[in-house]
Amino acid sequence: MKKIQMVDLQSQYEKIKPEVDKAINDVVASAAFINGPEVKNFQSELEKYLGVKHVIPCANGTDALQIAMMGLGLEQGDEVITADFTFAATVEVIALLKLTPVLVDVDPHSFNIDLEALESAITPKTKAIVPVHLFGQVANMEAILKIAEKHKLYVIEDTAQAIGADFTFSDGTTKKAGTIGTIGTTSFFPSKNLGCYGDGGAIFTNDDELAHVIRGMVNHGMYRRYYHDVVGVNSRLDSIQAAVLRLKLPHLDDYCSSRRNAARYYNNGFKSNPNIVTPTTEKCGEICDTCNCHVFHQYTLKITNGKRDALHQHLMDKGIPNAIYYPVPLHSQKAYVDDRYKEEQFKVTNDLINTVISLPMHTELEKAQQDLIIQTIIDFVG
Ligand SMILES: *Cc1c(COP(=O)(O)O)cnc(C)c1O
């Protein structure tokens, strides 16, 4: 059996090695390192895949969030609501731009933003909602759009963990995660579902005007060379990363279904264990391929008998990688503590940080590896 890894990027690379090596060499030989044809081609191929009018590549997923908020013209004091249980990048850029982050609790099953908590956090100062499609599951965008329309708010979808996932509306129409709100952002960090071989990110929108504003913003606020109309940033996807992404994009749907198959195999393995809660999907309650609403960036269990920390240590001792995403809720992080928050507002997050554990999840997981992981966990948790 191959050594078990949390994410096995080497084995994935081996399968596409000749094409990737050639593409990288070609960029080096062409010396078109910045804004070369690979970037433009990747941009249009991703637009086509997502069914969105504009993809604006940038340097990473955190920049993508920051530039999205700059592009929307959000200003100091504007309130932006997001989930308490997520990676810090989301709240970080809100704070950096001197906007006011408003953290709210999440749903205990989907781990995505709690709709009631979201709606009751809205004030006259609220300007935007940032749903994070956590662990690969698309948040309930239909409900979120309704709330946003009612209160005239922008919706910025943080799609760093869910590229390739779909959301199906009650009328049967389907849209790709990241293309449903006002604007969407993603990350191509190597371990993300569509990862490059360094840093990368992108912004998506169907709004022509907004796309134009953002295209200038990623490039020092220039709409004409050396004329700086707005304060921008320097945030580019480089050509080598774009070349890698162009080769991986045609595999994305297969990558998503490998992840889903692995998740389904885990779910079966842990079935009916009283101390383990396996992930479900909000849309259909199970892991089905038809609606593609969950692409399992992470496979995350809840351990309900108080043995989560002990299990984490036990797996480490046995050489089975695992991780706690996330160990501290954002509202308790030193950088983001705020008197406005009361602990009882975050019942779910405060519980999740003590119960969740994420298992190895990637496109190259083998059944024998999963069997060993499952058996080791069941033997320990009881
Ligand atoms: C990874 C991630 C980001 C940041 O992406 P980078 O490319 O690492 O800057 C933002 N939000 C979420 C939810 C993420 O998982």
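Just so it is clear, the values below take in all heavy atoms, side chains as well, and ignore hydrogens, waters and symmetry mates. Atoms within each ligand, like the ligands themselves, are counted from 1 in listed order. Keep in mind that what you see is a predicted model, and the values were worked out from it rather than measured.
- Residue-to-ligand polar distances place G61 within reach of ligand 1: an N/O pair is separated by less than 3.5 Å.
- Aromatic ring centres of H212 and Y223 lie closer together than 6.0 Å.
- Side-chain atoms of D84 never come within 3.5 Å of backbone atoms of V104 as a donor-acceptor pair (strictly under, hydrogens ignored).
- Side-chain atoms of R264 and N261 form a donor-acceptor pair, as typed in the model, at a separation below 3.5 Å.
- Within the 4.0 Å heavy-atom criterion, both parts of N60, backbone and side chain, lie near ligand 1.
- Residue T62 touches ligand 1 through backbone and side chain together, judged by heavy-atom distances below 4.0 Å.
- Contacts with ligand 1 closer than 4.0 Å are made by no heavy atom of H297, backbone or side chain.
- Nearest residue to atom 2 (C) of ligand 1 from K192, Q66, H133, Q161 is K192 (criterion: closest heavy atom).
- Atoms of ligand 1 lying under 4.0 Å from any heavy atom of V132, numbered from 1 in the order shown and given with element: 13 (C).
- For ligand 1, none of its N or O atoms has an N or O atom of D63 under 3.5 Å away.
- The ligand atoms of ligand 1 that sit less than 4.0 angstrom from a heavy atom of A160 are 2 (C), 3 (C), 10 (C), 11 (N), 12 (C), 14 (C), 15 (O).
- Ring to ring, F296 and F135 are not that close: their centroids are 6.0 angstrom or more apart.
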Original post:
Passes salt bridge (Lys or Arg N to Asp or Glu O under 4.0 Å), E366 versus K2? Steps please.
Top reply: CA-CA 9 Å; E366 292 166 0; K2 255 193 291 189; 3.8 Å; yes
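- Nearest protein heavy-atom contact of atom 11 (N) of ligand 1 is D158 OD2, 2.8 Å.
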Original post:
Passes ring-ring contact (aromatic ring centres under 6.0 Å, His included), F111 versus Y325? Steps please.
Top reply: CA-CA 11 Å; F111 308 144; Y325 299 124; over 10 Å; no
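- Judged by distance alone, with hydrogens and angles left aside, the side-chain atoms of T182 form no donor-acceptor pair with the main-chain N or O of I156 at under 3.5 Å.
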